Undergrad: 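Below is the structure I would like to discuss, written out as structure tokens.
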Protein chains: 2
Amino acid sequence: MPKVGMEPVRRKALVDAALRVIGGQGTLAVTMSEIARTAGVSPALAHHYFGSKEQLLIATIRSLLGQLRQDAVAAVKAARTPREKVSALIRVSFRADQFAPETVAAWLAFYSEAQRSEDVRRLLVIYARRLRSNLLASLRALCPADDAERIAEGAAAMIDGLYIRQSLKSAPISIEASIALTEDYVNAHLRANGG
Amino acid sequence: MPKVGMEPVRRKALVDAALRVIGGQGTLAVTMSEIARTAGVSPALAHHYFGSKEQLLIATIRSLLGQLRQDAVAAVKAARTPREKVSALIRVSFRADQFAPETVAAWLAFYSEAQRSEDVRRLLVIYARRLRSNLLASLRALCPADDAERIAEGAAAMIDGLYIRQSLKSAPISIEASIALTEDYVNAHLRANGG
DNA sequence: TATTTTTGATTGACTCATCAATCAATAAAA
DNA sequence: TTTTATTGATTGATGAGTCAATCAAAAATA
């Protein structure tokens with residue numbers, strides 16, 4: 001079998017498999033065996049390439065975050081006005097694949113893990129900061145600086161909150177309704193405080 | 001040792017210990033041994049009274065939810081006007097003990113567990129519904145019905161979101177700031193839509 | 001009251017399953 | 001032949017759940 005150059009292929013397959021398994025079970029307490037099986041390799045190979053379960057999980061989170069970042073950058077770049085940039089950031093947060101139950105479950109598991117793992121926590125803090133500062137940059141062009149801070153904080157909180165409520169799957173809020181709720185929030189506050 | 005009537009005492013001690021250990025470690029993946037040790041009894045006794053780890057965890061969540069419900073009922077009863085009732089509900093959600101890092105960590109762990117355990121999920125859904133309908137009842141007196149629905153939904157999401165962000169402990173938002181942000185949201189929308 | 005019986009409370013020791021991690025062995029390129 | 005890819009088999013640790021045995025209070029009986 002050993003065609004040379006398998007390493008990047010296997011790494012990606014394992015990371016993708018990890019995300020799928022974690023999302024499916026809604027917890028980081030998944031076995032290396034299951035991840036490996038999903039990726040179509042032996043558990044030993046997973047250890048060979050990642051050294052430990054922890055490292056594989058870190059790589060998995062990194063991958064998810066990296067994808068989100070790419071989407072956000074592209075969306076902001078495509079938008080013309082500051083107000084459109086804000087809407088673009090909101091829309092990215094609720095994109096269908098991000099808002100899918102398995103992805104939401106994975107996010108939740110990562111947040112929970114952040115209580116224990118400093119590495120995971122740091123990654124999530126970076127994500128939170130990035131969303132906040134992206135929003136802030138555009139909002140500053142639309143209202144006074146300290147109002148912008150408050151609106152950015154509030155919008156970010158609302159996005160996270162809608163994710164959590166989505167995770168319960170009780171009265172699943174649609175993507176459109178989630179976007180509308182967040183947009184409403186921004187609009188109401190811009191009208192009250194801004195230009 | 002056997003003074004009769006230990007059962008309720010031990011049950012409570014174990015539930016309290018479970019909440020403390022879960023909060024401390026930020027995960028439901030805690031051992032019966034540790035919970036039992038914290039409660040000052042043997043692991044075997046924990047099994048004797050609760051049958052299984054799952055049952056002990058369920059009882060623990062029930063206890064936390066029950067306390068929250070009691071607080072909410074009292075707060076609403078004490079408030080006079082509908083608008084004051086809304087504020088009271090917000091304040092209860094951010095009460096110091098509820099917003100403490102260990103409690104927030106425990107909540108997060110429960111949400112994560114809800115992805116797997118139907119029992120846990122049901123309990124959390126009940127909590128979410130209760131918060132929503134409590135808010136709704138008061139908001140209906142303040143603005144048109146469908147605006148009330150949207151505001152209740154948004155406020156509940158914002159509260160949950162502020163909890164999540166609190167769990168990261170990066171830029172810890174103070175209790176007062178969290179309350180202010182939520183109140184701002186309600187005010188802005190009442191002004192826009194309501195009386 | 002004194003003695004026996006019953007029963008709730010409690011635990012140490014054990015079993016059984018699970019899982020991360022290791023390693024020696026094999027197979028195929030280079 | 002050296003290096004890279006890959007795995008089956010194994011190990012060591014951990015943790016949930018079980019069980020038989022012990023201890024002492026309470027209830028029954030003499």
Side-chain angles (χ1 to χ4, degrees), chain A residues 1-22 24-61 109-110 112-113 115-117 119-120, chain B residues 1-61 109-110 112-113 115-120:
Chain A
M1 305 149 191
K3 255 179 291 203
V4 150
M6 279 293 101
E7 176 155 355
V9 176
R10 294 275 115 109
R11 287 191 104 97
K12 180 169 188 326
L14 283 163
V15 162
D16 289 352
L19 190 57
R20 243 175 312 146
V21 174
I22 290 167
Q25 309 204 177
T27 174
L28 293 211
V30 296
T31 68
M32 288 295 262
S33 299
E34 178 133 25
I35 295 173
R37 193 182 332 129
T38 304
V41 299
S42 74
L45 195 65
H47 274 98
H48 174 67
Y49 282 126
F50 285 95
S52 73
K53 186 183 175 182
E54 166 114 15
Q55 285 309 306
L56 171 54
L57 295 182
I58 301 256
T60 304
I61 301 176
F110 293 147
S112 179
E113 179 68 15
Q115 303 299 312
R116 274 146 279 140
S117 162
D119 287 332
V120 172
Chain B
M1 305 150 190
K3 254 178 290 198
V4 149
M6 280 292 100
E7 176 157 354
V9 176
R10 293 275 115 106
R11 285 189 107 96
K12 181 170 187 325
L14 282 163
V15 162
D16 289 353
L19 189 57
R20 246 176 310 149
V21 173
I22 290 167
Q25 307 203 179
T27 174
L28 292 213
V30 295
T31 67
M32 288 295 260
S33 299
E34 177 132 23
I35 295 173
R37 195 182 330 129
T38 303
V41 300
S42 75
L45 194 65
H47 274 96
H48 174 65
Y49 282 126
F50 285 95
S52 74
K53 185 181 175 183
E54 166 114 14
Q55 285 309 306
L56 171 53
L57 295 182
I58 302 256
T60 304
I61 301 175
F110 293 147
S112 180
E113 179 68 15
Q115 303 299 310
R116 274 147 280 140
S117 161
E118 182 56 31
D119 287 332
V120 171

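As the structure is a computational prediction, the values presented were derived from the model and not from experiment. Below, read A as the first sequence line, B as the second, and so on, with proteins coming before strands; counting in each chain starts at 1.
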Undergrad: Could you tell me which non-hydrogen atom of A:Ile22 sits nearest to which non-hydrogen atom of A:Ala109, and how far apart they are?
TA: CG2-CB, 4.3 Å
Undergrad: Rounded to the Å, how far apart are B:Arg37 CZ and C:dG12 C1'?
TA: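 Spelled out: CZ on B:Arg37 to C1' on C:dG12 is 16 Å.
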Undergrad: Which of the following nucleotides, C:dA9, D:dA16, D:dC19, is nearest to the side chain of B:Tyr49?
TA: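 Of the candidates, C:dA9 comes closest.
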Undergrad: How close or far is atom P of D:dA16 from atom CG of B:Leu28, stated in whole angstroms?
TA: 12 Å
Undergrad: Which listed nucleotide (C:dT10, D:dT6, C:dT11) is nearest to the side chain of B:Ser42?
TA: C:dT11
Undergrad: Which atom names give the shortest non-hydrogen contact between B:Phe110 and B:Val120, and what distance separates them?
TA: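 Residues B:Phe110 and B:Val120, closest heavy atoms: O-CG1, 3.5 Å.
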Undergrad: Which part of the nucleic acid, if any, lies within reach of A:Val30 when heavy atoms closer than 4.0 Å are counted: base, sugar-phosphate only, or nothing?
TA: sugar-phosphate
Undergrad: So which atom in B:Ala13 and which in B:Ala39 form the shortest heavy-atom distance, rounded to 0.1 Å?
TA: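 That would be O-CB, 3.8 Å.
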Undergrad: How many Å lie between CD on A:Glu34 and P on C:dA20, as a whole number?
TA: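 Roughly 10 Å, once rounded to whole Å.
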Undergrad: Please check the phosphate of D:dT6 (OP1 and OP2 only) for any side-chain N or O of A:Arg10 closer than 4.0 Å.
TA: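 Indeed, a polar side-chain atom of A:Arg10 lies that close.
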Undergrad: How long is the line joining CE of A:Met6 and P of D:dT4, in whole Å?
TA: 15 Å
Undergrad: To the nearest 0.5 Å, how far apart are CD in A:Glu113 and CD in A:Glu54?
TA: 6.5 Å
Undergrad: Atom NZ of A:Lys53 and atom C1' of D:dT14: how far apart are they, to the nearest Å?
TA: 13 Å
Undergrad: May I have the distance from B:Glu7 (atom CD) to C:dT7 (atom C1'), rounded to whole angstrom?
TA: 14 Å
Undergrad: In whole angstrom, what separates B:Leu45's CG from D:dA16's P?
TA: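 Between P of D:dA16 and CG of B:Leu45: 15 Å.
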Undergrad: The side chain of B:Ala44 is closest to which nucleotide in this list: C:dT11, C:dA21, C:dC19?
TA: C:dT11
Undergrad: Start at the 5' end of DNA chain C and walk down; is the nucleotide closest to A:Gly51 or to A:Thr31 reached first?
TA: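 Taking each residue's closest nucleotide, the earlier one in sequence belongs to A:Thr31.
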Undergrad: State whether the side chain of A:Lys53 and the backbone N or O of A:Val30 hold a donor-acceptor pair below 3.5 Å, judged by distance alone.
TA: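 Here the side-chain-to-backbone pair exists.
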Undergrad: Can you check the A:Phe50 CZ to C:dC19 P distance for me, whole Å?
TA: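 In whole Å, C:dC19 P and A:Phe50 CZ are 20 Å from each other.
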Undergrad: With respect to the side chain of B:Ser52, which nucleotide from C:dA20, C:dT10, D:dG17 is positioned closest?
TA: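 Closest nucleotide among those given: D:dG17.
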